**Student:** 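First the structure, which I've put down as structure tokens, then a few questions once you've had a look.
The residues of the chain are indexed from 1 along the displayed sequence. Only heavy atoms go into these numbers, but all of them, side chains included; no hydrogens, no water, no symmetry mates. Note that this is a predicted model, so its numbers are computed, not measured.
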Amino acid sequence: MAMIRRIIFIHTVAMLVERFRPRFQTELPDADCFHMLDESVLQDLIRQGPSSGITRRIVTLSQMAADAGAELIVFTCSSTSPAIDTARQTVSVPILKIDDPLYARVASAPGRVGLICTTSSTVAPSRALLTAHAQNAGREIPAESVLCAAAFDALASGRRDLHDRLVREAAAALAPRVDRIVLAQASLAHLGEPLADQLGLPVFASPELLVQEVVARVRDSA
């Protein structure tokens, strides 16, 4: 494995830049970590759904990161997962999806999984990625998705309190039907521990598992 010194993160939500930047400055102080942001990608996915144009934009962002000398590219948007599969074929740099470590962990154990999403663009990619990791683990994992679009609208309008309440209600309604819950977007991760305490179920979210995976890859490459 080639040494990883330069990591480029590609975001579609501005808040994630400031979530991950200080964390990786602390965890990997000697690495060159850079952050690219294109909020239009997620907005267009939500409004219009997947398209060849979106895929081209993800490929272009990947190529820009590769041209900038990235030795690892990390996409932090769950909704772009299918387009990233295409991008992986166009650049030689490894590309990590934010949800790869999450679904690898979730797929490592049997039981029914509940997925909570707040954007319609996340539902199908999340199910597909869970299925792919389950197949890699030799398992069939039944899953149920819940879309809580009103929570995303609340967050977009600055009502985090309402966002959190709606997600909590959706999780509470889902909990009796599943063995564990996945918060399928990074913007939900802060609710992981409170929901686990509230519901008495394992609750998984992507950011912390992503950090662990990136740090492990860098250290293994040294």
Side-chain angles (χ1 to χ4, degrees), residues 10-13 16 41-42 44-46 48-52 54-55 57-59 62 72-91 94-149 151-152 167 170-171 173-189 191-192 195-196 199 201-214 216-217:
I10 301 176
H11 309 277
T12 62
V13 177
L16 293 182
V41 170
L42 180 58
D44 290 344
L45 270 169
I46 292 171
Q48 304 163 15
S51 67
S52 59
I54 293 289
T55 299
R57 286 153 69 183
I58 295 300
V59 168
S62 302
L72 176 64
I73 298 169
V74 181
F75 275 90
T76 65
C77 179
S78 301
S79 298
T80 59
S81 179
I84 294 169
D85 294 333
T86 301
R88 281 173 166 163
Q89 301 172 31
T90 70
V91 297
I95 299 179
L96 179 63
K97 301 177 183 180
I98 186 171
D99 292 329
D100 276 328
L102 167 67
Y103 289 116
R105 175 73 63 86
V106 171
S108 67
R112 188 169 182 84
V113 173
L115 302 169
I116 296 182
C117 309
T118 60
T119 61
S120 58
S121 60
T122 304
V123 177
S126 297
R127 291 290 292 263
L129 197 57
L130 172 59
T131 298
H133 280 283
Q135 290 174 344
N136 288 339
R139 298 184 185 277
E140 285 190 18
I141 297 184
E144 179 179 348
S145 301
V146 171
L147 174 61
C148 191
F152 182 82
V167 172
L174 178 62
R177 303 192 297 274
V178 299
D179 300 298
R180 53 202 190 278
I181 286 176
V182 171
L183 302 175
Q185 292 155 228
S187 57
L188 306 175
L191 293 170
L195 281 173
L199 303 175
L201 291 177
V203 178
F204 297 87
S206 57
E208 184 59 31
L209 293 172
L210 175 72
V211 171
Q212 294 172 13
E213 176 68 16
V214 171
R217 289 194 184 200

**Student:** Measuring from Cys77:SG to Ile10:CD1, what's the distance to the nearest 0.5 Å?
**Tutor:** 11.0 Å
**Student:** Less than 4.5 Å apart, any side-chain heavy atom of Pro50 and any of Thr55?
**Tutor:** no
**Student:** Quick one, Arg57 and Asp44 - any side-chain contact, counting heavy atoms below 4.5 Å?
**Tutor:** yes
**Student:** Are side-chain heavy atoms of Tyr103 and Asn136 found at a separation under 4.5 Å?
**Tutor:** no
**Student:** Could you state the interatomic distance from CD1 (Ile116) to CD (Glu144), rounded to the nearest 0.5 Å?
**Tutor:**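 These two atoms lie 10.0 Å from each other.
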**Student:** Determine whether Phe152 and Ile46 make a side-chain contact, defined as any pair of heavy atoms from C-beta on separated by less than 4.5 Å.
**Tutor:** yes
**Student:** Minimum heavy-atom separation for Ala171 to Ile181, with atom names?
**Tutor:**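 Heavy atoms only, the tightest pair is O-CD1, 3.9 Å.
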**Student:** To the nearest 0.5 Å, tell me how far Arg112 CZ sits from Arg180 CZ.
**Tutor:** 11.0 Å
**Student:** With a 4.5 Å heavy-atom cut-off, do Leu195 and Leu183 have their side chains touching?
**Tutor:**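 Yes, at least one pair of side-chain atoms sits under 4.5 Å.
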**Student:** How close do Thr118 and Leu147 get, heavy atom to heavy atom, and via which atoms?
**Tutor:**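 Result for this residue pair: C-CD1, 3.8 Å.
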**Student:** Rounded to the nearest 0.5 Å, what separates atom OG1 in Thr80 from atom CG in Leu45?
**Tutor:** 7.5 Å
**Student:** Please give me the minimum heavy-atom distance between Ala173 and Arg177, naming the atom from each residue.
**Tutor:**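 Heavy-atom minimum between the residues: O-NH1, 3.1 Å.
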**Student:** Ser81: which residues meet the side chain to side chain donor-acceptor pair (under 3.5 Å) condition with it, sequence neighbours left out?
**Tutor:** Lys97
**Student:** With the threshold set at 4.0 Å, does a side-chain nitrogen-carboxylate oxygen contact exist between Asp100 and Arg88?
**Tutor:**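 Yes, Asp100 and Arg88 are salt-bridged.
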**Student:** Mind listing the closest non-hydrogen atom pair of Pro101 and Leu210 along with its distance?
**Tutor:**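 Pro101 and Leu210 have their closest heavy atoms at CG-CA, 4.1 Å.
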**Student:** Find out whether Phe75 and Ser62 are in side-chain contact, i.e. whether some heavy atom of one side chain is under 4.5 Å from a heavy atom of the other.
**Tutor:**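 Yes, close enough: below the 4.5 Å cut-off.
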**Student:** With heavy-atom distances below 4.5 Å as the criterion, would you say the side chains of Ile54 and Gln48 are in contact?
**Tutor:**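 A side-chain contact is absent here, since even the closest heavy-atom pair is not under 4.5 Å.
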**Student:** Take Ile98 and Ser78 through the test side chain to side chain contact (heavy atoms under 4.5 Å, CB included) and record every step on the way to the result.
**Tutor:** CA-CA 7 Å; Ile98 186 171; Ser78 301; 4.0 Å; yes
**Student:** Evaluate the criterion side chain to side chain contact (heavy atoms under 4.5 Å, CB included) for residue pair Val13 and Leu42; output intermediate values, then yes/no.
**Tutor:** CA-CA 8 Å; Val13 177; Leu42 180 58; 3.6 Å; yes
**Student:** I need the Ile95 CD1 to Thr90 OG1 distance, nearest 0.5 Å.
**Tutor:**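 Reported to 0.5 Å precision, the distance equals 6.5 Å.
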**Student:** Is there side-chain contact between Arg127 and Leu115, with heavy atoms separated by less than 4.5 Å?
**Tutor:**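 With C-beta onward as the side chain, the pair touches.
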**Student:** Identify the two heavy atoms, one from Pro110 and one from Arg139, that lie closest to each other, and give their separation to 0.1 Å.
**Tutor:** CD-NH1, 3.5 Å
**Student:** Taking only residues two or more places apart in sequence or in another chain, which ones pass side-chain contact (heavy atoms from CB on, under 4.5 Å) with Gln212?
**Tutor:** Arg105, Glu208, Leu209
**Student:** Looking at residues at least two apart in the chain, or sitting in another chain, which of them share a side chain to side chain donor-acceptor pair (under 3.5 Å) with Ser79?
**Tutor:** Ser121, Thr122
**Student:** Which atoms form the tightest heavy-atom contact between Gln185 and Thr119, and what is the distance?
**Tutor:**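 That would be OE1-N, 3.2 Å.
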**Student:** How long is the straight-line distance from CG of Leu199 back to CG of Leu174, given to the nearest 0.5 Å?
**Tutor:**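 The CG atom of Leu199 is 9.0 Å from CG of Leu174, to the nearest 0.5 Å.
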